[in-house]
Amino acid sequence: MELPSSYNSKEVEDKIYQLWEKSGFFNPDKLGKNYKKPFTIIMPPTNANGNLHAGHALVMTIEDIMTRYKRMQGFKTLWLPGLDHAGFETQVVYEKQLEKEGKSRFKMTPEELYKEIAEFTDKNKKNINSQVKKMGSSCDWSREKFTLDTDIIKIVYNTFEKLYKDNLIYKGKKIINWCPKHQTSLSDLETADTEKNDKFYYLKYGPFTIATARPETKFGDKYVVMHPKDKRYSDYKNGQKIELEWINGPITATIIKDEAIDMDFGTGVMTITPWHDAVDFEIAQRHTLEKEQIIDFYGKLLPIAGEFSGMKILEARPLIIEKLQAKGLVEKIEENYKHVVKTCYKCNSLIEPQIKEQWFLKMKPLAEPAIKAIEKNQIKIIPEHYKKIALHWLNNIIDWNISRQIVWGIPIPAKTCEKCKEIYIDIENKFTECKKCGGALKKETDTFDTWFSSGQWPYAVLGFPKNKDFKTFYPTDVMETGGDLIFFWVSRMIMFSLYNTGKIPFKNVYLHGLVMDAKGQKMSKSKGNVINPLDLTEKFGTDALRMALVVGNTPGTSLPLDENRIKGYRNFATKIWNASRFVLMNLDGYPSASSGQVKILFSANDKKLISDFKKQSKQITKEMDGFKFYVASEKIYHYFWHTFCDKIIEEQKPRLLGQDKKERMASQHLLITLLSESLKILHPFMPFITEEIYQQLPVKNLPTGRQAKKSCLMIENWPATK
RNA sequence: GGACGAUUAGCUCAGUUGGUAGAGCAUCUCAUUUACACUGAGAGGGUCACAGGUUCGAGUCCUGUAUCGUCCACCA
């Protein structure tokens, strides 16, 4: 059989992927009776709103390595793929597209918008799946799930109802993060910190001086707060009223003493704006103070601002200061005041805290069992230092705002009585009027935070509670995802799963780091350094990219993706190809399938080489079991190139080319054995090229009778380690 | 303000209970058609960030410092 002198990944990859799909072995049910013990990985559902990026390529590579390894070890292996509607994220992507077309979502009906985004998502689903396949992912497509599948939604709804009955869900008027651009609330995790340089104004407020960077919020300030132990203000008593001149005329202010005040900051006195500041809100709650909205949801001033009403805050700010100056109320202005502000993590708009009625989930009772499971190592987190990070967050968890004012998501299945405010969870849409007072019911228009549904992913995709898959494959073995999702997703999956199923969702969490550009910088569209993994597979082959992503890449640390490295592994692929070609080209006289049993006489050196290989594979297996793919891949790379190719093949040349038939046959058999065993270990890392070569190997009915060729390398047995 | 991680060859990084420093890429020398030049043989290159401590012995353990990175919280 004649092979070309270099490996052509483009010709091979699609063909081999089809061979695997046809074999059916991605599906654990098709693996046969010998595969008993389950091994399960649930793929993090890919956002169906764009293309696969370098981070996805890493996910697919690591998870496919684990899946192929376990499958070869005889586990009933399931890697379940999925897609995420990615609520807010997708809507943001789609809105950007609308903007480019000169449209706005606020001019469309919710139904129109939903329909368009659904079509957009549908297109992307196909695109994403073909890219996942390109990475060689051996996942079970027959079990693919989407976060908006009806059975998933049903499970999410049941959980919501259960949480409500258990008194863990409440609708509350609390201060939330409001993005004025996207017109939705956001959870605390969905905001970013941005450092800003602003002016800092010292204003005269009656007998006090207060400092602020946001004078436009101060119209309604009628409480002035100081620390109870601050001696400078000991003459003032809590609750005491004072009269003073303020922006739009005389007002009555009340003195409040609260320990939240930092005596060393500014003047130690501040006025509060409970509607637009989280700390102020807390103070107001403690002292049951009145709260008033100053800024509307579009970022414009309300009538309380008098002549400034209707103005945008940034326009109003200098004018307000002008007026205050005219009234002699500005003591001084500090330039270049550096402070940190909250911004929308998607559009960088300034977050305007607002008080708004939202749905909240009480987190403390859910977090407690999760904390225990992590502390007791029932769930093992790799790398270990993320354990502390997760525990710290869980120990300080606050209630989660789960409602979003966007259309692209799962609607919250609730109705509220317009008269008595009674809440009904109405999954089947059967309530029409209030049972208590007969009032009309208003249907909730908010949708769930996308993480409320994806947080239930592991048991939802397996058909909790009754499905056979749930009983077979749950709890799953590994959750592999990015370290940045430890709070957003991983922690919430643990909490929801323990709450709903009573069991942990996964035994191990493997957190990979970020994939950076060649210079080690974070990839971003604005920097223009985004690497498209599909370009790299095209250029160097998928196997080479996979190796570049895994060799030396320790979990939790970032990886600079350098083309030179990928090129190195492309060279390795060529090396594998040519070594195999050499072995195949020197098979003259090697017994074929029809030759029957032939005795092979191994020399002492042959036996030593075989036993050396076993030692190697034993070590590599140990590394694989310890999730050290970065070491395992390097070891097999090194063995194959610098031991098998450089030493063993070279040493065997005289024997292969000599006249002694028995010697030649022994040599042929040695090479075939070491090659095929090496290919098995290489397979999880470089599935395409190894499968292609395997398909050419004459390992059926070998003289020893031990190596029965299977239909593909993917289901060959992992080399024995005993 | 707190927490965590990193600091090892020119670059990117390994180094699992403490026992004389490793890989890939890059560089240099040699080999010149050999299964493979996407090759082979070899070479150079490191006070393991710094300062202390524990130890017979520290890249590894402890304390502190510096620089970089990440996360959490936040001061009006």
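Here is how names work: the chains are called A, B, and so on, in the same order as the sequence lines, proteins then strands, and each is numbered from 1.
Pair assignment for rA3(B): rU70(B), on the basis of Watson-Crick or G-U wobble contacts that are both within less than 3.5 Å. Under the Watson-Crick or G-U wobble criterion, with both distances below 3.5 Å, rA43(B) is paired with rU27(B). The partner of rU32(B) is absent, by the rule that a Watson-Crick or G-U pair needs both atom distances under 3.5 Å. The partner of rC56(B), taking Watson-Crick or G-U wobble pairs whose two distances both stay under 3.5 Å, is rG19(B). A 3.5 Å limit on both hydrogen-bonding distances identifies rU63(B) as the Watson-Crick or G-U partner of rA51(B).
If you take CH2 of Trp489(A) and C1' of rC71(B), they are 20 Å apart, rounded to a whole angstrom. Atom pair Asp188(A):CG and rC72(B):P shows a separation of 10 Å (rounding to whole Å applied). As rounded to whole Å, 9 Å separates atom P of rC4(B) from atom CD1 of Ile389(A). In this structure, CZ of Arg317(A) is placed 12 Å from P of rA76(B), rounded to the nearest angstrom. Between Asn564(A) atom CG and rA23(B) atom C1' the separation is 16 Å, expressed in whole Å. Summarising the geometry, the separation between OH on Tyr569(A) and C1' on rU12(B) is reported as 10 Å, rounded to the nearest angstrom. Separating the CD atom of Glu334(A) from the C1' atom of rC75(B) is a distance of 13 Å, rounded to the nearest angstrom. Straight-line distance from the NE2 atom of His385(A) to the C1' atom of rU70(B): 9 Å, rounded to whole Å.
Aromatic ring centroids of Phe629(A) and Tyr69(A) lie 6.0 Å or more apart. A centroid separation of less than 6.0 Å is found between the aromatic rings of Tyr236(A) and Phe208(A). Ring pair Phe613(A)/Tyr639(A): centre-to-centre distance below 6.0 Å.
Comparing rA21(B) with rU47(B), their P atoms sit 13 Å apart, to the nearest whole Å. When the C1' atom is used for both rU63(B) and rA58(B), the distance is 15 Å, rounded to whole Å. Only the C1' atoms considered, rG18(B) is 12 Å distant from rU54(B), to the nearest whole Å. Distance noted for atom C1' between rA3(B) and rA73(B): 10 Å (whole Å). Distance noted for atom P between rG19(B) and rC4(B): 26 Å (whole Å). Spacing of P atoms, rG22(B) relative to rU16(B), comes out at 14 Å, to the nearest Å. With both ends at atom P, the span from rG46(B) to rU8(B) equals 14 Å, rounded to whole Å. One C1' atom belongs to rC11(B), the other to rG45(B), and the distance between them is 13 Å to the nearest Å.
Classification of Lys204(A) and Glu331(A) as a salt-bridged pair fails, no side-chain N sitting under 4.0 Å from a carboxylate O. Of the charged side-chain nitrogens involved, none lies within less than 4.0 Å of a carboxylate oxygen, so that Asp562(A) and Arg565(A) do not count as a salt-bridged pair.
Across all strands, Gly541(A) comes closer than 4.0 Å to no nucleic acid atom at all (heavy-atom distances). Residue Val279(A) is classed as a sugar-phosphate contact, given heavy-atom separations below 4.0 Å to backbone atoms only. The residue Thr554(A) sits close only to the backbone: its heavy atoms come under 4.0 Å of sugar-phosphate atoms, none of a base. If you check every strand for non-hydrogen atoms under 4.0 Å, Tyr630(A) touches sugar and phosphate atoms only. Within 4.0 Å (heavy atoms only), Asp262(A) reaches at least one base atom of the nucleic acid. Across all strands, Gly568(A) comes closer than 4.0 Å to no nucleic acid atom at all (heavy-atom distances). Using a 4.0 Å heavy-atom cutoff across all strands shown, Ile486(A) reaches no nucleic acid atom at all. Residue Phe627(A) is out of contact with every strand shown, counting any heavy-atom pair closer than 4.0 Å. Within the nucleic acid shown, Ala213(A) comes within 4.0 Å of sugar-phosphate atoms alone, with no base atom in reach, counting heavy atoms only.
Between the side chain of Asp193(A) and the base of rC74(B), a donor-acceptor pair under 3.5 Å is found.
Taking the ring centre of Phe582(A) as origin, the terminal cationic atom of Lys653(A) falls inside the region bounded by 6.0 Å and 45° from the ring axis.
Applying the 6.0 Å contact sphere to CD of Glu384(A) captures no more than 12 heavy atoms from other residues, nucleotides or ligands. Within 6.0 Å of the CD atom in Gln285(A), the count of heavy atoms belonging to other residues, nucleotides or ligands exceeds 12.
Both Thr557(A) and Met270(A) lie close to RNA chain B; mapped to their nearest nucleotides by heavy-atom distance, the more 5′-ward contact belongs to Thr557(A).
Taking only side-chain nitrogens and oxygens, Lys388(A) comes nearer than 4.0 Å to OP1 or OP2 of rC4(B). Considering only side-chain N and O atoms, His642(A) lies under 4.0 angstrom from the phosphate OP1 or OP2 of rG24(B). Within the 4.0 Å cut-off from OP1 or OP2 of rC71(B), not a single side-chain nitrogen or oxygen of Tyr386(A) is found.
Results of the ring-ring contact (aromatic ring centres under 6.0 Å, His included) test with Phe572(A) over Tyr7(A), Phe685(A), Phe540(A), Tyr637(A) single out Tyr637(A) as the only residue that passes.
For the residue pair His227(A)/Tyr233(A), the side-chain donor-acceptor check at 3.5 Å is not satisfied.
Considering only side-chain atoms of Phe487(A), the nucleotide from rA14(B), rC72(B), rA76(B) that sits closest is rC72(B).
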Which atom pairs link the protein and nucleotides 32-39 of chain B when you take only N or O atoms and keep those under 3.5 Å?
{"unit_1": "rA35(B)", "atom_1": "O3'", "unit_2": "Arg581(A)", "atom_2": "NH2", "d": "3.3"}
{"unit_1": "rA35(B)", "atom_1": "O2'", "unit_2": "Asn578(A)", "atom_2": "OD1", "d": "3.1"}
{"unit_1": "rA35(B)", "atom_1": "O2'", "unit_2": "Arg581(A)", "atom_2": "NE", "d": "3.4"}
{"unit_1": "rA35(B)", "atom_1": "O2'", "unit_2": "Arg581(A)", "atom_2": "NH2", "d": "2.6"}
{"unit_1": "rA35(B)", "atom_1": "N7", "unit_2": "Lys653(A)", "atom_2": "NZ", "d": "3.3"}
{"unit_1": "rA35(B)", "atom_1": "N6", "unit_2": "Cys645(A)", "atom_2": "O", "d": "3.4"}
{"unit_1": "rA35(B)", "atom_1": "N6", "unit_2": "Glu650(A)", "atom_2": "OE2", "d": "3.2"}
{"unit_1": "rA35(B)", "atom_1": "N3", "unit_2": "Asn578(A)", "atom_2": "O", "d": "3.0"}
{"unit_1": "rA35(B)", "atom_1": "N3", "unit_2": "Ala579(A)", "atom_2": "N", "d": "3.3"}
{"unit_1": "rC36(B)", "atom_1": "O4'", "unit_2": "Asn578(A)", "atom_2": "OD1", "d": "3.3"}
{"unit_1": "rC36(B)", "atom_1": "O2'", "unit_2": "Asn578(A)", "atom_2": "ND2", "d": "3.4"}
{"unit_1": "rC36(B)", "atom_1": "O2", "unit_2": "Lys575(A)", "atom_2": "NZ", "d": "2.7"}
{"unit_1": "rC36(B)", "atom_1": "N3", "unit_2": "Lys575(A)", "atom_2": "NZ", "d": "2.7"}
{"unit_1": "rC38(B)", "atom_1": "O4'", "unit_2": "Asn571(A)", "atom_2": "OD1", "d": "3.0"}
{"unit_1": "rC38(B)", "atom_1": "O2", "unit_2": "Arg570(A)", "atom_2": "NE", "d": "3.0"}
{"unit_1": "rC38(B)", "atom_1": "O2", "unit_2": "Asn571(A)", "atom_2": "OD1", "d": "3.3"}
{"unit_1": "rC38(B)", "atom_1": "O2", "unit_2": "Thr574(A)", "atom_2": "OG1", "d": "2.5"}
{"unit_1": "rU39(B)", "atom_1": "O3'", "unit_2": "Lys575(A)", "atom_2": "NZ", "d": "3.1"}

